[in-house]
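Below is one structure; the comments refer to it alone.
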Amino acid sequence: MAEKTIETFEVKRLEILDDEGNADKALMPSLTAGGIRNIYEGMLLARAFDERALSLQREGRLGTYASIRGQEAAQVASALAAEKSDWIFPSFRETGVHIAAGYPVHQLFQYWSGDERGMRCPDDLNVFPVCIPVSTHLPHAVGAAIAMKLKKQKSAAIVYFGDGATSKGDFHEAFNMAGVFRAPVVFICQNNQWAISVPLSRQTAAKTLAQKALAYGFSGIQADGNDAFAVYRAASEALYKAREGGGPSFIECQTYRISDHTTADDSSRYRPAGEVEYWKAKDPLKRLKSYMEKEGLLTEDYQKQLEGKNERTLDEAFREMERIGPPPPSEMFAYTFRQPSRRQEIEMRSFADGGG
Amino acid sequence: MAAVNMVAALNMALRQEMEANPSVLVLGEDVGVNGGVFRVTEGLLEKFGGERVMDTPLSESGIVGAAIGMAAYGFLPVAEIQFMGFIYGAFEQLASHASRLRARSRGRFSCPLVVRTPYGAGIKAIELHSESTEAMFAHIPGLKVVVPSGPASAKGLLASAIRDPDPVLFLEPTRLYRMIREEVPEEPYTIPIGRARMAKKGRDLTVISWGSMLHRALKAAENYDADVIDLQSLKPWDEEAVMASVKKTGRAVIVQEAPKTCGFASEVAAAIAEEAIAWLRAPIMRVAAYDVALPLPRLEDFYIPKTVRIRNTIDEALKY
Ligand SMILES: Cc1ncc(C[n+]2csc(CCOP(=O)(O)OP(=O)(O)O)c2C)c(N)n1
Ligand SMILES: [Mg+2]
């Protein structure tokens, strides 16, 4: 008889771009100048959308909104690593993912204004609707990934969630099934360190979230989530591995929620301002911008041009939402089943007669 | 006595029950430092400390499941589920365990826990923050279901729920949290679970409702000589009070915020049909939401039964 170590694990962290915008050339993902600009442009538009949405909410023209400020790199750089044929499963704080995927901006305004039609994904995109119950969409991504495998398609599913989501049973069930079926799925956790007022230390006693994958038989890595290159590289490698039959991966993007949880929250009640300031200095956009300036990829002119274009995009998108107008009330009956039930037909008639 | 809203009344009940009995614990997401997203547990952490007011991981099944273990071990946990739309992860714990522990162990173990959760429409929220699925829970033998309709009833009913020896699902109509202020006695008191409240007295018909819809029912019945009954408890519910009223008036209109099919109004209607059909002078009528997923804010107002719909139904019952 003996007592011996039968398994050991290690958890890696990937950092490429520092706070001053210097990149570790040896670790750089393969990205052309155009590819880098693409990421930057996506992040800048995501930031601009976020700011616009917050101000529209304050004016009462949008409903409750969940800001992504500080998480642009984790969202945009990972989503840009995906192919159009991959399926994307967002949670509720994924504006940057939607924008990177090319989701129509006016539909994002529609959604946050409380209009269901905003979640009607265009036919040429594969973005699942926003998932409100935390973590419950993870098994859907696993199922889609298994389906891709059954159909022998070289695609992957990519699913987004927060640190709080790792505490739910659905997270564990999804991870376990993904491992067992070697499903081509990439799990992306944006560890922004808070779940409303609950800090990460109340979600887990583990040192990292990345290590949770190991218990389910696949790899987990922590990436600096405010580092667009680290996120892009980790996501590209995981997606490549998934499409090549290598099974699931987990990426913990360590980042920070700069804003309140939503516009209905007041984070000054529960977290120190100093912490927010510390993370503001690690702003993902600022870091990428400094890098691009040093590499001669970004000029004053180009920056101005982008800002102007983004303002126009957002103006037009909001105008488009207003032009379309509110949904017709009868719309609420339209999608319960493909064919309405007898009772619904009666209800629809009574509603049309002013019974509502 | 001060006029307070429902949030303050619930907070008062929690505070007083925790003061009176060291076994009472509070647990849930954001209930401690943040005082709950609606501030119902505000100040409790400061007063009673982290062992009695626990901020938990984001884990509905864990919260209710652990509360079952605490309850069986002798505590009186009050678990908060942040919105009723997130209770389904804990549905198994409620339906398969909390409600059955007493029966399963032939009385050796019991489960005196309370699950509080905000519910109902009318606050223009994002998806799954507004549904009324009380009937799904009232259907479970062994689980009590309580719905206050105002600050004063909220305080007394929550105190009863905490002291109750069995599991209670305590549904707090989100729309009412800050809508009404009422005189609420400072000193602790209880309102018995299972007893309805006569919100208005009359002779011509009986209107039955609960929670947030009670207020629309009252508004609709304003100019009628009607009994308006606030059920307050859905499980067990006050069949005696309802039957006595219906036998007197001969007409019953039941108003619920949930979709019509298999809602709690169906249970009330069926019981009236069984027990009081010989006294009826009109068909039993239900006013309910449509059988569709509750829409996002832009269409929410078209979904919730309007006062005019209730009034039209009252007229129909009276004219029959
Ligand atoms: C199952 C479930 N429980 C509770 C909530 C209420 N809620 C919304 S977001 C949130 C915190 C989520 O934290 P995290 O997963 O870290 O994502 P983040 O908000 O930080 O993006 C909570 C508790 C919910 N939406 N779903
Ligand atoms: Mg978080």
Side-chain angles (χ1 to χ4, degrees), chain A residues 63-66 92 110-119 129-136 162-170 195-199 202-204 261-262 264-266 269-271 326-336 340-341 343-344 347-348 350-351 354-356, chain B residues 28-39 42 45 50 54-63 65 82-83 85-90 92-93 123-129 259-261 287-306 308-309 312-313:
Chain A
T64 305
Y65 174 73
F92 52 86
Q110 275 183 315
Y111 177 71
W112 291 110
S113 80
D115 180 345
E116 249 97 357
R117 295 171 302 175
M119 276 300 117
V130 159
C131 178
I132 298 295
V134 168
S135 205
T136 54
D163 44 307
T166 64
S167 300
K168 287 278 286 180
D170 306 75
I196 311 186
S197 74
V198 181
R202 273 274 152 155
Q203 299 297 347
T204 184
H261 169 69
T262 64
D265 175 51
D266 172 10
R269 288 173 62 91
Y270 54 77
R271 64 180 187 183
S330 60
E331 218 249 353
M332 71 176 146
F333 291 100
Y335 299 99
T336 319
S341 66
R343 173 159 291 170
Q344 283 183 307
E347 289 175 348
M348 281 154 77
S350 126
F351 182 76
Chain B
E29 295 157 17
D30 305 286
V31 298
V33 178
N34 201 27
V37 293
F38 289 103
R39 311 286 179 252
E42 175 133 49
L45 175 69
M54 294 175 245
D55 270 324
T56 65
L58 204 167
S59 191
E60 282 75 12
S61 182
I63 293 166
Q82 202 161 82
F83 282 90
F86 309 132
I87 204 172
Y88 308 112
E92 184 162 44
Q93 292 297 341
I123 56 159
K124 297 265 187 287
I126 54 173
E127 201 194 350
L128 289 163
H129 287 64
K260 192 169 195 174
T261 304
V287 183
Y290 304 111
D291 280 278
V292 301
L294 193 145
L296 289 186
R298 285 264 179 136
L299 295 184
E300 189 183 6
D301 288 342
F302 295 98
Y303 167 92
I304 308 170
K306 287 192 168 66
V308 53
R309 252 179 86 199
N312 290 344
T313 309

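Computed from a prediction, not measured in an experiment: that's the story for all the values here. Residue numbers start from 1 in every chain, and the chains themselves are labelled A, B, ... in the order their sequence lines are given, proteins ahead of strands.
- Residue B:Ser61 does not touch chain A at all, counting heavy-atom pairs closer than 4.5 Å.
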B:Leu296 and A:Tyr111: CA distance, side-chain angles, deciding distance, side-chain contact (heavy atoms from CB on, under 4.5 Å) verdict: CA-CA 9 Å; B:Leu296 289 186; A:Tyr111 177 71; 4.0 Å; yes
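- Most heavy-atom pairs under 4.5 Å with chain A: of the set B:Thr56, B:Val292, B:Asn34, B:Leu294, this distinction falls to B:Asn34.
- If you measure heavy-atom distances from B:Tyr303 to chain A, the contacts under 4.5 Å come from both the backbone and the side chain.
- The cationic atom of B:Arg309 (NZ for Lys, CZ for Arg) lies less than 6.0 Å from the six-membered ring centre of B:Tyr290 and within 45° of the ring axis.
- In this structure, chain A has no heavy atom under 4.5 Å from any part of B:Ala90.
- For the 3.5 Å distance criterion, the side chains of B:Asp55 and A:Tyr270 fail to qualify, holding no donor opposite an acceptor.
- Taking 4.0 Å as the cut-off between side-chain N and carboxylate O, B:Arg298 and A:Glu331 do not count as a salt-bridged pair.
- If you tally non-hydrogen atom pairs under 4.5 Å between each of B:Gly89, B:Gly62, B:Pro295 and chain A, the highest count goes to B:Pro295.
- Atom CD of residue A:Glu116 and atom CD of residue B:Glu127 lie 7.0 Å apart, to the nearest 0.5 angstrom.
- Contact record, B:Glu29 with B:Ile63: OE2-CD1, 3.7 Å, taken as the closest heavy-atom pair.
- Each of B:Thr261, B:Thr313, B:Val33 has some count of heavy-atom pairs under 4.5 Å with chain A, and the biggest count is that of B:Thr261.
- Taking a cutoff of 4.0 Å between a charged side-chain nitrogen and a carboxylate oxygen, B:Asp301 and B:Lys124 qualify as a salt bridge.
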Name every donor-acceptor pair, under 3.5 Å, that has one atom in a side chain of residues 163-170 of chain A and the other anywhere in the protein, sequence neighbours excluded.
from: A:Asp163; atom 1: OD1; to: A:Asn192; atom 2: N; distance (Å): 3.4
from: A:Asp163; atom 1: OD2; to: A:Trp194; atom 2: N; distance (Å): 3.3
from: A:Thr166; atom 1: OG1; to: A:Asp163; atom 2: O; distance (Å): 2.7
from: A:Ser167; atom 1: OG; to: A:Gln203; atom 2: O; distance (Å): 3.3
from: A:Ser167; atom 1: OG; to: A:Gln203; atom 2: OE1; distance (Å): 2.5
from: A:Lys168; atom 1: NZ; to: B:Glu60; atom 2: OE1; distance (Å): 2.8

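- Put simply, of A:Thr64, A:Ile196, A:Asp115, A:Thr336, the one with the most heavy-atom pairs under 4.5 Å next to chain B is A:Ile196.
- In this structure, no portion of A:Pro340 lies under 4.5 Å from any heavy atom of chain B.
- In terms of non-hydrogen atom pairs under 4.5 Å with chain B, the most contact-rich of A:Gly63, A:Pro327, A:Ala195 is A:Pro327.
- Interface remark: B:Glu300 contributes no atoms to any contact with chain A (heavy atom separation under 4.5 Å).
- Looking at A:Val198, both its backbone and its side chain come within 4.5 Å of chain B, counting heavy atoms on both sides.
- Of the listed residues (A:Met348, A:His261, A:Gln344, A:Arg343), the greatest number of heavy-atom pairs within a distance under 4.5 Å of chain B belongs to A:Arg343.
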